[in-house]
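Beneath this line is the structure, given in C-alpha cells, with notes to follow.
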Number of protein chains: 2
Amino acid sequence: MAGNTKERLLDSSGELFRRQGYMGTGVKQILAEAGAPFGSLYHHFPGGKSDLGAETVRRSGFLYGLLLGEFAGPEVELAGGIRAFFAGAAGTLRETDYADACPIATVALEVSSSDEEMRQACADVFNAWIEGGTARFELAGIPHARARTLVIQMLAALEGAFVLSRALRSTEPVELAGEASVASIEAALAA
Amino acid sequence: MAGNTKERLLDSSGELFRRQGYMGTGVKQILAEAGAPFGSLYHHFPGGKSDLGAETVRRSGFLYGLLLGEFAGPEVELAGGIRAFFAGAAGTLRETDYADACPIATVALEVSSSDEEMRQACADVFNAWIEGGTARFELAGIPHARARTLVIQMLAALEGAFVLSRALRSTEPVELAGEASVASIEAALAA
DNA sequence: CTTTCACTAGAGCGATCTATCTAGTTTCCC
DNA sequence: GGGAAACTAGATAGATCGCTCTAGTGAAAG
C-alpha cells in the first residue's frame, strides 16, 4: 500500500460518520472500507477510535467549510451563492438517497454530553463556520453583529433542515430553509 | 414492582436516547435506570431494543408536541407563545448542562439511513408536528401554504439550533433561532 | 550491505453488547 | 382454592466491540 493509508482512513470514517454517526460505526467497518489492517489504525491514531473520530470531525468540518466557501465566495453575489449552496445540498441528498447531509451533526449530537474532546472538536468546527461566514457577510456590507446573527440563524436552519429532510426523505425542508435564509440576507443587504 | 414497568422503561429510554442517542445507549443502561430486569423488557417489547426504540420515539415525540402546544396553544397569542417556547428550550438546555434538547433528533440522524422502521417513526413524529403546527398557524389567520412553510422553517431552525447549542454549550443559537421564527410569524400575520 | 524505522498485517484478548431461556412471583378469573 | 396468564428475575449464551500484541515488509540512511 502506498503512503496514503491515513488519508484513506480519514476519508472512510468521514463518510461513515456522516451517514451512521460515531457510535453506529465500528472500527472494523472503517478498516474494511479503507482496506487497512488494525495495525495501521493504531499506528496513525494511537488513541484509537476516539482519536480518529476527533481528527475526522475537524477534517470533515474543514472540508465542508471549504465547500460552502466555493458556493458563496467573495467573487459571487452573496444571496445567490447561499441559494446555490442550499440547492446543492438538496441535490446531494437526493442523489445519495438522503444519506449525505452534514458530516458532523450526527456526531455532535451523539457526543456532546459524553465525550468532551470530541464535543470540543465539533464546537471548533461550528465556530470556524460562524467566523468564516460572518467575515463573508461583512464583506457584502452587513454590519458585524447583524452578520454574525444571520450566519448562526442560517447554519441552524441548514442543520435542522438536514434532520427533517433525512427523516422525511424529502428535500422540502432544505429548500424552505434556503429560501428563509436568502430572504433574511436580502433584507439585511437592503437595509 | 407495580404495573408501570413498561412506562418506566419508556421514560428511561426516552431520557437516555435524548442525551446519548440510540446507538450510544445500551439495553443494560436502560434497565438499570428503570430498575427492571431483562425479562421485563422482552416481555413488554418482544422485538427487543429496536421495538423499544421505535415506541420511545413515537411516545417522546408525541409528548414534545404536547409541550409545544402548551406554550403556543390557541388561547395565547401565537408569536408570544412561540417566543416563550424557544425561551423555555434555552432554559432547559442551561438547566441540564446542555443535555436535554430534542428527544428524537439524535436518533433520527443515527437511524435514517440504516433502520427503516425507526426512520419511519421519526418521520411520523415530524409530520405530526408539522400538521399540528400548520393548523395552529392557520387558526391565527395565516393561509395554509404559508403556514406550513413557516412551521417547517421554524422546526428546522429549532432542530439546528439545538445541534449548535449543545456542541457550543451556549444558548445563543436557540435564542437567535427563536427571534428569527418570531419575526417571520409576525411578518406573516401583518400581511 | 546492513541497520533502522515507519508502516503493514492480522491473530487473539477481555469487555461488552443484545437476546434467550428457565424459574419464580403476582394477579385475576372461575 | 385452583389454574391460567401476566409479569418479574437474572444467569447465561453467542456475537461483536475496541484494542493490544508480535511478526513481517519496504524503503531510506549510513
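In this text, all values refer to a predicted model and were calculated from it rather than measured experimentally. Here is how names work: the chains are called A, B, and so on, in the same order as the sequence lines, proteins then strands, and each is numbered from 1.
Between D:dT8 and B:H44, a contact under 4.0 Å exists linking OP1 or OP2 to a side-chain N or O.
Between D:dC19, D:dC17, D:dT8, one nucleotide has an atom nearer to the side chain of B:S40 than all others, and that is D:dT8. For B:H43, counting side-chain heavy atoms from C-beta on, the closest listed nucleotide (D:dC19, D:dG10, D:dC7) is D:dC7. Listed candidates were C:dA9, C:dT18, D:dC19. Nearest to the side chain of A:P37 is C:dA9. For B:V27, taking side-chain heavy atoms from C-beta onward, the closest of the listed nucleotides D:dC17, C:dT18, D:dT8 is C:dT18. Here C:dT20 is the nucleotide among C:dT20, C:dC17, D:dT20 with the atom lying nearest to any side-chain atom of B:Y42.
Within 4.0 Å (heavy atoms only), A:G48 reaches sugar-phosphate atoms of the nucleic acid but no base atom. Residue-level contact check: B:G26 touches the backbone only, with heavy atoms under 4.0 Å from sugar-phosphate atoms and none from bases.
Electrostatic pairing of B:E116 and A:R169 does not count as a salt bridge here, judged by no charged N lying under 4.0 Å from a carboxylate O. We find that B:R83 and B:E186 are joined by a salt bridge, their nearest charged nitrogen and carboxylate oxygen being less than 4.0 Å apart.
The closest side-chain heavy-atom distance from A:L63 to A:R59 is below 4.5 Å.
Between B:D115 atom CG and C:dT18 atom C1' there is a gap of 14 Å when expressed in whole angstrom units. The nearest whole Å value for the distance from the CG atom in A:L41 to the P atom in C:dG10 is 15 Å. Across the protein-nucleic acid pair, A:K6 atom NZ and C:dT8 atom P stand 11 Å apart, rounded to whole Å. We find that CE of A:M23 is positioned 11 Å from P of D:dG18, with the value rounded to whole Å. If you take CG of A:L16 and P of D:dG18, they are 12 Å apart, rounded to a whole angstrom. Between A:D51 atom CG and D:dG18 atom C1' there is a gap of 14 Å when expressed in whole angstrom units. As a whole-Å value, the separation of A:L31 CG from D:dC19 C1' is 11 Å. As a whole-Å value, the separation of B:F38 CZ from C:dC17 P is 9 Å.
Of the two residues near DNA chain C, A:K28 and B:S50, the one whose nearest nucleotide lies more 5' is A:K28. Across the interface with DNA chain D, nearest-nucleotide mapping of A:G47 and B:A36 shows B:A36 to be the residue nearer the 5′ end.
A 6.0 Å sphere centred on CZ of B:F71 holds more than 12 heavy atoms belonging to other residues, nucleotides or ligands.
Of the candidates A:V174, A:L176, A:T171, A:V182, A:F86 forms a side-chain contact (heavy atoms from CB on, under 4.5 Å) with just one, namely A:V174.
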